[in-house]
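Numbering of ligands and ligand atoms starts at 1, following listing order.
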Amino acid sequence: MGSAVDQQNLHGIGVSAGAAYGPAVIVAPAVRAPADEQPAADPDVALVEVKAAFEKVAVDLEQRAARADDTAQQILKATALIARDKGLHKATGKQLASGKGPATSVHLAVEEYAAQFEALGGYFAERVTDLRDVGSRTIAAVLGVPAPGVPNLAEPSIIVADDLAPAETATLDKALVAGIVTQEGGRTSHTAILAAQMGIPAVVHCEGALDIAAGTPVAIDGGTGEVLVSPSPENVATLRDRGARREAALAGSAGPGVTSDGHPVSLLANIGGVEDAVEAGAADCEGVGLFRTEFVFLSSSTAPTLEEQTQIYTKVFEPFGSDRRVIVRTLDAGADKPLAFADLGPEENPALGRRGLRLSQAREDLLDTQLEALAAAASATGADVRVMAPMVATADEADWFAQRVSAAGLAKSGVMIEVPAAALRARDVLANVDFGSLGTNDLAQYTMAADRMAGALSALLDPWQPAVLAVIDAACKGAAELGKPMGVCGESGGDALLALVLTGLGVHSLSMAPSKVPMVRYALSLHSLDDCRRLAQLALGARTAADALAAVREACNPDLAALV
Ligand code: PEP
Ligand code: MG
């Protein structure tokens, strides 16, 4: 087994709760061009063949998209677009003409693009994983060898990878993937969000994961982040026992979110499209706290029409009837989620650039069409629709948005609080809207000045960072002064312990992947509002993120501490 990890406990960040046990299946690394590859005999003929390989990859990705759910579909289709990028084909042709072999030419063209993407930073840098994935698949097709990635699984297994491209995560077969462990990645990376959405236990940012040998039995706890390699039967039993106790505890958890003394905290779902809406509509949750509308259009090259949008939004609203709210976020385009039809040109630093509402202000036509479609779908279904803006920083921006929403005939407007400026001035920012919703993924990114896509910075991005909690506290106080409700729709809302802290800080609703709702509901049911306030003060008073978590874990109800 060489240097392989054997009988060892590893630790990462638990991003999707649940216990899982099975043999490790290592995701095949990227295929490389052979170092001694000969120049193409005829560069023109070779280019035709390479283009066919790119097309094969695009078609393969689209076929996988057809089998995937909404969110996954968009990601896969967007990746397929990379394989069809004419600039990439042209760059490959140049390499062929300069005397390189076909696989080498693909590799060099991809790396040329990757360097440009990395230099641009933000969204572009994040797409480098997808770009290299396309390159590696194309090289495999050129060489006639199996595509890299997750092999066919014969039994329920633990997938172990350096990192998983969103495209890979999205198409995993839930029946055969018992759990996921990645060496890289962070709490708010696409892989983490998708795994939770799919209900697959997952641990990310687990150092040493790649030293696990294929076939080694591995047990994971996607709640605590534990990864047990060749665990003893007792260890597996402990983990399974915890899993069983978790299931038993959650089996009795149903209905609206409420603390043990009757303080309501609405439990809502995060969704990315029609299929997610149907699934969340069937789940025991109180509605939708975040519909990421940009997810629906990630692969659209032209702006969706009023009719197309009305149709989609109608289908999204229907599962929630007229009594469960649906909070829709207007297009959060830009930075890590660019939309081809809403591109304002390259930016030095897209995460700090014209994204979210800033982009809507530059493209009022897009916002107004979307609001019109939302209003039409709301009136067609009688749904309780509330519309909020992403990336709001000032009171003026919030007022501008509220006016647009009301002009479109929509009843309620709100704003995401995900920029520290808006959190610190919540009293002014919320003055003319109906509610705020804390986007803790971006709020952590901007408070800690740490790119949320950078796995290496995950400690800084931890929402338990006392500075992030202090900013959330300020936002909740501002909302309370106005008597306006404040929700949370970032990933932290689905962390059962943090949910207690957020409730103690004054949050009224928590929105998350539906798979996380039962544990949060259970956590609330074990604590009174005063308990939550006490836990919030413990976390706020801690010096470090680790201290905050440890203090809350220590002080919360032991029945909960035993499960998370
Ligand atoms: C957030 O930033 O916390 C959020 C909910 O929005 P997104 O993750 O889509 O940026
Ligand atoms: Mg955000």
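Compare R452, R329, E418 by their heavy atoms: the one nearest to atom 10 (O) of ligand 1 is in R452.
Atoms of ligand 1 found under 4.0 Å from any heavy atom of L290 (numbered from 1 in listed order, with element): 5 (C). Under a 4.0 Å criterion applied to the non-hydrogen atoms of R292, ligand 1 contributes the atoms 4 (C), 5 (C), 6 (O), 7 (P), 8 (O), 9 (O). Heavy-atom proximity to G490, at under 4.0 Å, picks out these atoms of ligand 1: 3 (O), 5 (C). Here is the list of ligand 1 atoms found below 4.0 Å of a heavy atom in M416: 4 (C), 5 (C), 6 (O).
You'll find the side chain of N270 reaches within 4.5 Å of the side chain of C489, heavy atoms only. Counting heavy atoms from C-beta on, the side chains of L267 and E286 come closer than 4.5 Å. L498 has its side chain out of reach of T440: every pair of non-hydrogen atoms, C-beta onward, lies at least 4.5 Å apart.
Remark: the R325 side chain and the S266 side chain contain an N/O donor-acceptor pair separated by less than 3.5 Å. For the 3.5 Å distance criterion, the side chains of T293 and Q370 qualify, holding a donor opposite an acceptor.
A salt bridge is absent between R292 and D332: the closest approach of a Lys/Arg side-chain nitrogen to an acidic carboxylate oxygen does not fall below 4.0 angstrom. Using a 4.0 Å cut-off between a side-chain N of Lys or Arg and a carboxylate O of Asp or Glu, R355 and D442 qualify as a salt bridge.
Ring geometry for F317 versus Y313: interplanar angle under 30°, hence parallel rather than tilted (30 to 60°).
The N/O atoms of T440, backbone and side chain alike, include one that comes under 3.5 Å of an N/O atom in ligand 1. The N/O atoms of E491, backbone and side chain alike, include none that comes under 3.5 Å of an N/O atom in ligand 1.
Counting only heavy atoms of the protein, atom 5 (C) of ligand 1 lies nearest to C489 O, 3.4 Å.
In summary, of the residues considered (V181, T182, I220), a side chain to side chain contact (heavy atoms under 4.5 Å, CB included) with C206 occurs for V181 alone. Considering V520, L268, L438 in turn, V520 is the only one that fulfils the side chain to side chain contact (heavy atoms under 4.5 Å, CB included) rule with L510.
Around the Mg ion (ligand 2), protein N, O or S atoms at a distance under 2.8 Å total 2; waters are neither shown nor counted.
Residue K337 places a heavy atom under 4.0 Å from ligand 1.
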